[in-house]
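Along the sequence shown, residues are numbered consecutively beginning with 1.
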Amino acid sequence: MKHKEQWIWLSKDKYPNNQETIYCAFADKGNGNFTVAEFTKKYEFSQKVISAELRFSGDTAFQLYCNDSVVATGPACVGGDFIGNETRRENFYAFETTIKPDSDVLEIFARVKMMPVQICEYSKGRGGFMLSGILTFADGTKKHIFTDDSWLVRQNKAFNSCDSYDGRILPDKYVNAECIENIWNTITAPIPVRIENEIYCDNGKFAVSPYEARKVIITFNKIWAGFIQVEVKAKGEVFVSLSCRELEEEPSRKESLIFNNNDEYRSFYMSSAGSIVVEVKNESDFNAEIDVSFVSTHYPVSNEATTVTSDDELNLVLETCKHTLKICRQTHHLDSPKHCEPMACTGDYYIETLMTLFSFGDMRLAEFDLLRTAVMLERENGRMFHTTYSLIWVKMLYDVYMATGNIELLKKCEKALQLLLKRFKTYIGANGLIETPPDYMFVDWIYIDDISMHHPPKALGQTCLNMFYFGALDTAEKIFRELSLNEFSVDCATQKENLRKAININLFDAQKGVYFMGLNTPTEESLIGEWMPQNTDKRYYMKHANILAAYFGVCDEATSRTLIRKILSDEIEGDCQPYFLHYLLEAVCNLGLREEYTVQICERWKKPVKECSKGLVEGFVAPEPTYSFDHSHAWGGTPLYSLPKALLGLEILSPGMKEISLSPSLLGLEYANVELLTPHGKVICQMKKNEEPVITNPKKVVVKLR
């Protein structure tokens, strides 16, 4: 039996103003038509349903229940970028999951929000909901169910905005839903639905006397990603204001709720919560009971790996990185649940993907991110908002392939890769360097001479962009070779060597023995804009360009090692945020300097983690005096990958990790136990000082010791 995809919504005649919405949250929200529709259908059978294979989706967001139990929230994120949002996205996704009702009654309820609110949300431009199910009964027979005009629907007008709820406004009466055109044509998301857990605190449940005003701060042991949930038992009006905070910062938004008698509320807005500030005013003549909790959501964890060392402070760093990664794994990798940025932040997701090897192991989310990014690249003819991030996508693609062995992933992304490389070829100037890109972002979340390295001028961004392009060409050469596209592989190799020559001629200061950050030649006026400032006259010698030169191997190994030593002895200026230290740790490992420098570099995480281990801080150095870092940012969690990788001396020799090379080293520690998750099982390496390492591995993984 095949699933039938029939979409339904509120009647056009009854709800003419609740049909269409904006494509994304970047649009004018005044025209968004924020609407919450509630669908229900009750099925009664003569025997028990032992299994229900469900397929479902909704525009823009939904909460799905069966027999009063949560089935899923969704849909899977479409993807999207900071550009190209004036038209609707072509792709949309449905989830599939199987539940075990063990009941002769199926009562399905879905609450669906129309209108993108957070910047990772995308819409097809109108409201809709779809569900299809294949039911298996106790006697083995099957039945197909699906949404149609026999389902009931109502608008719940109490939800009047993303942060406002007025329970005094009763929901409309249920009427029959209307079948609508299927403009979504969903693809099944190749990931499981998120899991969720309700997190309670002792002081989250409290009574409020008549006309009493009360403030309660509910504090959690960790920072969690998810949704506010409130239940009120009252006889009259109760006003509740809730603000999620990570630590003790001033909340950036509030959810203002009005309850009238017994009622409950669950938010559609994903928040990052280390605590919830609750302010209540009971405007009734009776006591009211308030129960506030937080619904934590994340990608399911089916397997887990842990690295433990003799250094307790390092262990705390690893634990904090791991927890932060966990809450950033949703229906796509997030930069943080506080920001909820779209698929554009590839630099974040690449590092998070590598961290997964030593934590959760399931790479399907990373594969899905790569595919959705490929859709974006094809849509925009190889263009992404962040130029460096589009190049990091190439490296992420190859590294995920080497981890999983999924050759189909490379095949599906080949067109996007071709378009990306074709576009970058047009940016090359007469000097052989990238000279005319639309921007030089993103380098690092830091300021130099009051200039943002998010979107720097040429003198601060050109060398880094060229280095990332060199790395992309080097990686694309390998990808095309895997795909047996030898002509393209050879072409990438040729371009790479030409670029290497141009970088070393134009961007290396032989007298100082270091690379500078970019040329001081003027930027064409036609390119100047919000994200491309005019160039500066100053020449900058900073760590970033030299880290990338060593990481990508633009110079020979001896020069690379010299650069690393200069960087780590502060002979080269500048500072780096945790994100950029990933490339430094990779360079150190690649160049055989891991025993000398890995732990030293990882030491830098100890102080911020000691200050806050509830979640990982976004950066080391505030880029602006007024900027407040979040503490749920996994992009800086590279120690979770870089430290165990260095302890193992890991090299993946064949796709799917069927063959790996190890050269274990304690890096100066007393002992370490490292677990690596492969598609074939867990590799474990136990090390103690003055003892031979003990390695256990699955039969399908060949381990070569160096």
Side-chain angles (χ1 to χ4, degrees), residues 9-11 13-19 21 29-40 58 60-63 65 68 70 73 109-115 117 127 129 152-175 177 198 204-216 218 227-244 251 253-271 276-295:
W9 190 243
L10 297 161
S11 162
D13 292 336
K14 188 174 173 66
Y15 297 97
N17 298 320
N18 302 98
Q19 301 294 318
T21 188
K29 295 179 181 61
N31 299 321
N33 292 335
F34 186 90
T35 301
V36 171
E38 294 176 336
F39 298 87
T40 188
T60 301
F62 64 81
Q63 302 158 355
Y65 299 79
D68 294 326
V70 175
T73 58
F109 174 81
R111 182 177 288 126
V112 183
K113 169 180 73 75
M114 181 186 80
M115 187 176 124
V117 174
F129 173 68
L152 300 178
V153 65
R154 68 185 182 185
Q155 183 183 1
N156 191 335
K157 295 175 182 175
F159 292 87
N160 47 46
S161 77
C162 67
D163 50 17
S164 178
Y165 175 86
D166 189 345
R168 297 172 300 186
I169 305 171
L170 297 178
D172 291 352
K173 291 183 179 180
Y174 276 113
V175 296
E198 294 182 2
K205 189 172 184 178
F206 54 91
V208 185
S209 301
Y211 302 100
E212 178 189 2
R214 190 168 176 189
K215 181 177 180 179
V216 175
I218 303 166
F227 306 94
I228 289 173
Q229 184 170 264
V230 184
E231 184 179 356
V232 170
K233 293 181 180 179
K235 295 178 182 179
E237 294 181 2
V238 179
F239 292 74
V240 181
S241 172
L242 305 110
S243 303
C244 287
R253 65 180 293 274
K254 289 185 177 182
E255 295 189 36
S256 300
L257 319 176
I258 303 172
F259 296 96
N260 190 34
N261 302 324
N262 295 347
D263 201 357
E264 57 186 37
Y265 169 83
R266 172 172 167 151
S267 176
F268 274 105
Y269 195 99
M270 172 161 279
S271 297
I276 303 175
V277 179
V278 186
E279 296 177 87
V280 179
K281 181 68 184 296
N282 183 359
E283 293 286 358
S284 76
D285 295 324
F286 304 91
N287 287 334
E289 291 184 9
I290 314 296
D291 191 353
V292 179
S293 60
F294 192 74
V295 182

Can you tell me how far apart [atom1] ([X]) and [atom2] ([Y]) are? Round to the nearest 0.5 Å.
{"X": "Asp163", "Y": "Ser241", "atom1": "CG", "atom2": "OG", "result": "10.0 Å"}
{"X": "Gln229", "Y": "Asp291", "atom1": "CD", "atom2": "CG", "result": "8.0 Å"}
{"X": "Ile228", "Y": "Ser271", "atom1": "CD1", "atom2": "OG", "result": "5.0 Å"}
{"X": "Arg111", "Y": "Gln63", "atom1": "CZ", "atom2": "CD", "result": "5.5 Å"}
{"X": "Asp263", "Y": "Lys233", "atom1": "CG", "atom2": "NZ", "result": "13.0 Å"}
{"X": "Phe39", "Y": "Phe62", "atom1": "CZ", "atom2": "CZ", "result": "12.0 Å"}

Please examine the side chains of [Y] and [X], heavy atoms only from C-beta on, and report whether any two atoms are closer than 4.5 Å.
{"X": "Phe268", "Y": "Val117", "answer": "no"}
{"X": "Pro210", "Y": "Asn287", "answer": "yes"}
{"X": "Thr73", "Y": "Met270", "answer": "no"}

Expected output: side-chain [X] to main-chain [Y] donor-acceptor under 3.5 Å:
{"X": "Asn282", "Y": "Glu212", "value": "no"}
{"X": "Arg214", "Y": "Ser209", "value": "no"}
{"X": "Asn156", "Y": "Ala37", "value": "no"}
{"X": "Trp9", "Y": "Asn18", "value": "yes"}
{"X": "Ser284", "Y": "Glu237", "value": "no"}

For a quick test of your reading: what N or O donor-acceptor pairs under 3.5 Å do the side chains of residues 253-260 make, sequence neighbours left out?
unit_1, atom_1, unit_2, atom_2, d
Arg253, NH1, Glu255, OE2, 3.0
Arg253, NH2, Cys162, O, 3.4
Glu255, OE1, Tyr265, OH, 2.5
Glu255, OE1, Ser267, OG, 3.1
Glu255, OE2, Ser267, OG, 3.1

Audit row: Asn33, Asn17, side chain to side chain contact (heavy atoms under 4.5 Å, CB included) steps and yes/no: CA-CA 7 Å; Asn33 292 335; Asn17 298 320; 5.5 Å; no

Do you know which two heavy atoms are closest between [X] and [Y], and how far apart they sit?
{"X": "Phe159", "Y": "Glu38", "answer": "CE1-OE2, 4.4 Å"}
{"X": "Glu264", "Y": "Tyr165", "answer": "O-OH, 3.9 Å"}
{"X": "Ala110", "Y": "Phe129", "answer": "CB-CZ, 3.5 Å"}
{"X": "Asn262", "Y": "Ala234", "answer": "OD1-N, 2.9 Å"}
{"X": "Met114", "Y": "Gln19", "answer": "SD-O, 3.4 Å"}
{"X": "Ile218", "Y": "Gly204", "answer": "CD1-CA, 3.6 Å"}

Verdict with reasoning, Leu10 to Thr35, per side chain to side chain contact (heavy atoms under 4.5 Å, CB included): CA-CA 10 Å; Leu10 297 161; Thr35 301; 4.0 Å; yes

Pairing residues for Lys205 by the salt bridge (charged side-chain N to carboxylate O under 4.0 Å, His left out) criterion, not counting sequence neighbours: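 For Lys205, no residue satisfies salt bridge (charged side-chain N to carboxylate O under 4.0 Å, His left out) once neighbours in sequence are set aside.
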
Intermediate values then yes/no, side chain to side chain contact (heavy atoms under 4.5 Å, CB included), Val238 and Val208: CA-CA 9 Å; Val238 179; Val208 185; over 6 Å; no

Quiz: residues 166-174 side-chain donor-acceptor pairs under 3.5 angstrom, not counting sequence neighbours:
unit_1, atom_1, unit_2, atom_2, d
Asp166, OD1, Arg168, N, 3.0
Asp166, OD1, Arg168, NE, 2.9
Asp166, OD2, Arg168, NE, 3.4
Asp166, OD2, Arg168, NH2, 3.0
Asp172, OD2, Tyr15, OH, 2.5

Salt bridge Lys215-Glu279, side-chain N to carboxylate O under 4.0 Å: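 Salt bridge between Lys215 and Glu279, a charged N being under 4.0 Å from a carboxylate O: no.
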
